[in-house]
Amino acid sequence: MVEFLFGYFSVVIVIVSVLVVTSRNPVHSVLWMLLLFFHIAGVYLLLNAEFLAATQVIVYAGAILVLFLFTIMLLDLREEIRLGPFTGGWPAALAIALAVLITVVAGIWGLKPAYIGPWGIKEIQTETHTKALGKVLFTEYLVPFEIASVVLLVAIVGAVVLAKKKLKT
Amino acid sequence: MIPLHWYLWLGSVVFCIGMAGFLMRRNIIIMFLSIELMLNGVNINLVALSHYMQDLRGQVLTLMVIAVAAAEAAVGLAIVIALFRNRPTVHVDEITEMKG
């Protein structure tokens, strides 16, 4: 059953990612991306990461994709769709990406994880997943968490400064 | 029980499709979508390693990646809007003002 679910999720993820990068219309790309994010959330559920699956759906599908859709609809892209979607050098780009893929796949082939941490399935089950993640996040990784909040604040201010109209002085 | 390698291969394939999309497309919005695709490939790998190595650090790192992806999307799309206001194009090969 788990193998079947993993096969379904991975086949859909690969097909939909190819559709995202090859669709001519950006709105279609964003909608394929929505399907992709739900299937990635399914993979997270297979890996016992319920909190991350929920975060994936809420943050990516709920916030980031809506931002993309708003931007596409703010810009008038009817002219753009008629031109070819790829730059002139696309065969070279495809070759580079394939070379990276072959290198990474060959590198993963011999990978063996040696380190086994303290959070096995039993420990997470007794603690519940969100609580366990919160314990790690707010003790061991408190400083990176605060830095992430500063990064988000800078992004908010930066987006407003960049996107607003220049005021006449 | 699915081997760890299958998850890592899935994440690498998603990463490389995103990389190919970033290098191939000329529409800047789809280039940003490709960056999100690459970050998601990395996230699959981090969560898979976190599960198989029985440590929650990978999932904490995934949360950081999601936060940075949200920040990057907000700033990037604001740049696209500012760019479109000055020049009505989203094709990266037509934006050549900074060429020396």
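Note that the coordinates shown come from a computational prediction; the quantities given were computed from them, not determined experimentally. Proteins come first, then strands; the chains are lettered A, B, ... in the order of their sequence lines, and each starts at number 1.
- The candidate with the highest count of non-hydrogen atom pairs below 4.5 Å against chain B, out of A:V59, A:V100, A:L75, A:I121, is A:L75.
- Every pair passing salt bridge (charged side-chain N to carboxylate O under 4.0 Å, His left out) that includes a residue from residues 24-34 of chain B is listed here, sequence neighbours excluded: B:R26-B:D93.
- Contact annotation: the side chain of B:M24 approaches that of A:L94 to within less than 4.5 Å [non-hydrogen atoms, C-beta and beyond].
- Within the model, atoms CG of A:L36 and CG of B:L33 stand 10.0 Å from one another, a figure rounded to the nearest 0.5 Å.
- Under a 3.5 Å cut-off, the side chain of B:H51 and the backbone N or O of A:Y44 do not form any donor-acceptor pair.
- The part of B:S34 that comes within reach of chain A is its side chain, from C-beta onward, which places non-hydrogen atoms under 4.5 angstrom from that chain.
- With a 4.5 angstrom heavy-atom cutoff, B:E72 does not touch chain A via any of its atoms.
- How far CG of A:L133 is from CD of B:Q59: 6.0 Å, rounded to the nearest 0.5 Å.
- Interface summary for chain A: among B:I2, B:L4, B:V68, B:V75, the most heavy-atom pairs under 4.5 angstrom belong to B:I2.
- For the residue pair A:Y60 and B:L39, the shortest heavy atom distance occurs at OH-CB, 4.2 Å.
- Annotation: the span from A:I96 atom CD1 to B:C16 atom SG amounts to 11.5 Å, rounded to 0.5 Å.
- Atom-to-atom distance recorded for A:I72:CD1 and B:I29:CD1 is 5.0 Å, nearest 0.5 angstrom.
- Options A:G89, A:A114, A:S149, A:S23 differ in how many heavy-atom pairs under 4.5 Å they form with chain B, and the most are formed by A:S23.
- When all heavy atoms of B:L37 and A:S17 are compared, the closest pair comes out as CD2-CB, 3.9 Å.
- Counting all heavy atoms, side chain and backbone alike, A:I108 lies closest to B:S12 at CD1-OG, 3.2 Å.
- Taking CG from A:L67 and CG from B:L77, the interatomic distance works out to 5.0 Å, rounded to the nearest 0.5 Å.
- When B:I44, B:L23, B:D55, B:L56 are compared by the number of non-hydrogen pairs under 4.5 Å with chain A, B:L56 comes out ahead.
- Between B:W9 and A:W109, the angle of the ring planes lies from 30° to 60°, which puts this pair in the tilted group.
- Looking at B:L10, the atoms closer than 4.5 Å to chain A (heavy atoms on both sides) all sit in the side chain, from C-beta outward.
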- Query: Are B:V60 and A:E140 close enough, and set up right, to give a side-chain contact (heavy atoms from CB on, under 4.5 Å), and what steps lead you there?
  - Reply: CA-CA 10 Å; B:V60 172; A:E140 207 178 335; over 6 Å; no
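- When side chains are defined from C-beta on, B:Q54 does not count as touching A:P118, because their heavy atoms never get closer than 4.5 Å.
- Contacts of B:M53 with chain A are made by both backbone and side-chain atoms, with heavy-atom separations under 4.5 Å.
- For the atom pair CG of A:L162 and CD1 of B:I79, the computed distance is 5.5 Å after rounding to the nearest 0.5 Å.
- If you measure heavy-atom distances from A:E123 to chain B, you find no contacts under 4.5 Å at all.
- When heavy atoms are compared at a cutoff of 4.5 Å, A:I116 approaches chain B by way of both its backbone and its side chain.
- Nearest heavy atoms, B:I66 versus A:T55: CD1-CG2, 4.2 Å.
- For the pair A:F145 and B:L63, the minimum side-chain heavy-atom distance is 4.5 Å or more.
- Contact of the A:L101 side chain with the B:M19 side chain is not registered, since no non-hydrogen atoms from C-beta on lie closer than 4.5 Å.
- Residue with the most contacts toward chain B among A:V160, A:T71, A:L65: A:T71 (heavy-atom pairs, distance under 4.5 Å).
- Across every non-hydrogen atom of A:A97 and B:A20, the tightest pair is CB-CB, 3.6 Å.
- Chain B forms more heavy-atom pairs under 4.5 Å with one residue of A:W90, A:Y115, A:F68 than with any other, namely A:F68.
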- Task: Please test B:N43 against A:Q56 for side chain to side chain donor-acceptor pair (under 3.5 Å), starting from the C-alpha separation and ending with a verdict.
- Result: CA-CA 10 Å; B:N43 280 351; A:Q56 173 87 7; 4.7 Å; no
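- Side-chain N or O atoms of B:R85 include one that pairs as donor or acceptor with a backbone N or O of A:A163 at under 3.5 Å.
- Proximity to chain A (any heavy atom under 4.5 Å) is restricted, for B:I30, to the side chain, taken from C-beta onward.
- In terms of non-hydrogen atom pairs under 4.5 Å with chain A, the most contact-rich of B:G41, B:G76, B:A69, B:G18 is B:A69.
- Within the 4.5 angstrom heavy-atom criterion, atoms from both the backbone and the side chain of B:Y7 approach chain A.
- Between A:L111 and B:H5 the shortest heavy-atom distance is O-NE2, 2.9 Å.
- Among A:V151, A:V105, A:V136, the residue with the largest count of heavy-atom pairs under 4.5 Å with chain B is A:V105.
- Linking Ile, Leu, Val, Met, Phe, Trp and Tyr residues whenever their side-chain heavy atoms come within less than 4.5 Å leaves B:M31 and A:F70 in two separate clusters.
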